[in-house]
Number of protein chains: 4
Amino acid sequence: MSKDQSPRADRSPHALAPWRGKLHELIFEADTPAGKAFDVLLIATILLSIVVVIIDSIPSVEREWGTYLYVCEWVFTFLYTIEYALRLICLGRPLRYALSFYGIVDLVAVLPTYLSIFIAGSQSLIVVRALRLVRIFRVFKLAHYLTEADALGRALRATGKRIVVFLVFVLAIILILGASMYVVEGRTPDTDFTSIPRGIYWAIVTVTTVGYGDVTPQTGLGRTLAAVAMLLGYSIISVPIGVFSVELLAARQRITTQACPECSKEGHDADAEYCKFCGAKL
Amino acid sequence: MSKDQSPRADRSPHALAPWRGKLHELIFEADTPAGKAFDVLLIATILLSIVVVIIDSIPSVEREWGTYLYVCEWVFTFLYTIEYALRLICLGRPLRYALSFYGIVDLVAVLPTYLSIFIAGSQSLIVVRALRLVRIFRVFKLAHYLTEADALGRALRATGKRIVVFLVFVLAIILILGASMYVVEGRTPDTDFTSIPRGIYWAIVTVTTVGYGDVTPQTGLGRTLAAVAMLLGYSIISVPIGVFSVELLAARQRITTQACPECSKEGHDADAEYCKFCGAKL
Amino acid sequence: MSKDQSPRADRSPHALAPWRGKLHELIFEADTPAGKAFDVLLIATILLSIVVVIIDSIPSVEREWGTYLYVCEWVFTFLYTIEYALRLICLGRPLRYALSFYGIVDLVAVLPTYLSIFIAGSQSLIVVRALRLVRIFRVFKLAHYLTEADALGRALRATGKRIVVFLVFVLAIILILGASMYVVEGRTPDTDFTSIPRGIYWAIVTVTTVGYGDVTPQTGLGRTLAAVAMLLGYSIISVPIGVFSVELLAARQRITTQACPECSKEGHDADAEYCKFCGAKL
Amino acid sequence: MSKDQSPRADRSPHALAPWRGKLHELIFEADTPAGKAFDVLLIATILLSIVVVIIDSIPSVEREWGTYLYVCEWVFTFLYTIEYALRLICLGRPLRYALSFYGIVDLVAVLPTYLSIFIAGSQSLIVVRALRLVRIFRVFKLAHYLTEADALGRALRATGKRIVVFLVFVLAIILILGASMYVVEGRTPDTDFTSIPRGIYWAIVTVTTVGYGDVTPQTGLGRTLAAVAMLLGYSIISVPIGVFSVELLAARQRITTQACPECSKEGHDADAEYCKFCGAKL
């Protein structure tokens, strides 16, 4: 979020042409009144366009208001296309923006409508515009609440790889549970387990404790296996929660401390009297 | 809970008339025997009136005892209306009470019965009277258990905004999952995903691991998407739990901390009398 | 678990008669070879009697082996009745044992079979004998793993009241959600919400994220309310987990410390140098 | 993972014959280019053979490609059989490997195909080959992410026994809930609770909050009991999560702790070079 696209430092848009500088200020900045008004308007139209797509998908609404909503969708899409073009124009390094997180989201938010000409129904994917709402954080200074979310971010990154290892482990269990269930129940009449992929689907539904009940065991042995899967899913949820909580605690404590006056290294405990890196008095 | 409505400090009811002071003591105070008896009686009638509404909604009970229960409801409502009027009368600043949490709850607890004259069935909302039971904490001195719940409250407030950011993030995911499912399964015969709102409903049911099973995917691609949604919901529950636990720990430790007057070190327990680092009296 | 029934200190059974002392040692003690053998045998018969009840409830098994299993049940029950009588006889203060946790469990474990003479089917409650298995901890010295479970116990007790307050709060929400759903969906044809109790049942199923799917909303408004209930249930689970974790951490840290040599009070931090109660050097 | 099977220290394979040393290097080592290539190839074939088994279980795929997939399965199995034999040959102490975790997994990964000659359908168990993927950690040096997972491992081991005690307790509750439900609902027409084992299955489905909905109560009393089971399952999940989190925190802190040689104080971070209390070199 902090890696915003203001490439002023390298090749400033102001140096290129005055109108491009003005445009840059309007579109990219959120500090000037005009820039803030632009962002608020943008967020409002995003919300509106999402609502249009959602209610357009309801058959009874579509029958009555379909044409109007169809026009709305295209108007929004044209506006966003123009906005995207302007963003590219007013920047000194357009490619840099185009490849940034915001740039990709802005492009992807426009594509589904055009795609719908070729693939019917794809305009529903317009809801990816929801991702553009991340701008809300910038406009309403919500980033403030993310300063500690920095600790959150660091904890997530520190936990990430370990959670992946955990997920690989869980997926291996799910694979084995799903296949075992197929072996156990695959031959009973009226079985729900007609293939291993369905067994795997069942295992995921069960271990994550979602439990739709659309695929369920019928035999005693199958039910016993299901009971094992459930107790497993109920127990292992402790692992990611514990890992993340402890990591978050560590990330938070690391923040709360000062830098050493001599070696300027951080990461001391709150009750430390001497720098743990160079031995200087803190 | 602590911001109770005893406006004695500003315009005391005792100064207005003796009977109003007595009434105030009876209705608002819980320390005198009469006041406590009043509150206990009040809580008993609240519980009773809730039970009346609940059992009145059962068709077989309604058929047999409907008239009696109907009378009961109106008796309770009249009593509460009188009580509400008395509360307003015996206070020097009735508006202040009327706009407080307790005042609004007391009013709302009375309205559904009157509303039921115009809108059939609305008397079931009488169960909002359950909120009046918050008085229990005052009467039975349960507030004692909330002193540390103060730490709980502070942790909740500190976490609140971050949980909201988390919920916004989760809702964006839910929106995208729901719309994607509509794109994937919306055209299969006998589909459960007849519109994006139903897709969103499915996504919420799945990500929160509730899993009713009333809306489920039928195709392989849909099942794969559902599996992703489930694993996501199973994983991200770590975030609010971790954030809240760490915040609660911090709020708890902050309470128990004061600095030593001699060595000015912190980190002492709430029940410590001497500094644990230099032995000086705290 | 530690409050076992050996009232040797007050009116010792050894003082009464030698055979009663021997019997006491056999039945109540787990340290002597004979006492341990008795306990192991007891646990084995408990497990066996539970298995008998469970498989006897399966219609096909009951048809074939019903008579044998019926006899087994009565044999076990007679043995336990004799054992209970012996326990009462060999103690100096039988009433004290009869009213202890173990005494009540031992009695309750015997009753269902006798009850089944009057109330058909009640013998299934024999599974309460599972509670007698708590003895396992004593026999196999599992209490060792409970020394820190002492921290667990203290954390549970410290959390207990706050969890109750939390549950009361959750129940109030459930009540209001259930009644609201009845108001919203109670009049639609083929509704699942035929009364407020069913609405409350639905609310519990939803907030706890169990989600059977036997009672589900049919209208758009109902689904929206259900979505709120789900997100609520998904979020508030953080509260008991956080409260318990923090309390457990506190209970654990309190244990890990030594007593003050002067005032012999405990509860010092691991890094404390001076007693925080009397200021003496630790 | 660290207890790998390189028995070089005792009876080195190099001492036996040069080709066996080479073979050992190729098959068991992951540091040489050849050894790494072998492991990567192995992992690829494992993934491929799992995919083959999974898609072979889909009836429509089996009808069309059944013969080819059947041949593939046997080819993979023969290759693994040869590989297993080579592993045994090139080691000085083959039995040691055969009884290690890796050895048993390697054998078990081969058996299902042979078993399928005698027991139809058992080849689906080939997915246990997924366990062979643990090698991934070795090849891609993921063990690095497990150094702290060492803390995870220690926490899991420290928690293990307490979690078992917790599970025994939960199972006792499940047993009693299941039997009670059978007593309550077993005689109603069209009941789902036809035996105690089905009641136990229901109790597990409910307490773990999975909630399939294939076995649900029909009567008011049954629903009340179900509500208790749900609230119980929702509450007690705090226990394993809290126990594991606290244990993980302790395991993590224990790692990062060494005493200062001068003031012998503990509590230093893992990356500390100087004592944070007296500034002495650690």
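Lettering of chains follows the sequences in order, A, B, ..., and the numbering in each one begins at 1. Everything numeric here is computed off the predicted structure, so don't read it as measured data.
Using a 4.5 Å cut-off between heavy atoms, C:V207 makes no contact with chain B at all.
Contact count against chain C (heavy-atom pairs under 4.5 Å) is highest for B:P240 among B:P197, B:P240, B:G213. Of all the listed residues (B:V243, B:I54, B:I50, B:I174), the one sharing the greatest number of non-hydrogen pairs under 4.5 Å with chain C is B:I54. With chain B as the partner, the residue from C:A179, C:S180, C:S245, C:G199 showing the most heavy-atom pairs under 4.5 Å is C:A179. Contact count versus chain B (heavy atoms, under 4.5 Å) is highest, among C:T208, C:V205, C:T206, C:L171, for C:T206.
The structure places OG1 of C:T216 at 4.5 Å from CG of B:D214, a figure rounded to the nearest 0.5 Å.
Closest approach of B:S57 and C:S195 over heavy atoms only: O-CB, 3.5 Å. Among all heavy-atom pairs drawn from C:P217 and B:Y212, the shortest one is CD-CE1, 4.4 Å.
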List the atom pairs, with distances to 0.1 Å, where a side-chain N or O of residues 222-238 of chain C and a protein N or O form a donor-acceptor pair under 3.5 Å, not counting sequence neighbours.
from, atom 1, to, atom 2, distance (Å)
C:T224, OG1, C:G220, O, 2.8
C:Y234, OH, B:G233, O, 2.7
C:Y234, OH, B:I237, N, 3.4
C:S235, OG, C:L231, O, 2.8
C:S238, OG, C:S235, O, 3.0

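Residues passing the side-chain contact (heavy atoms from CB on, under 4.5 Å) test with B:L48 are B:F76, sequence neighbours excluded.
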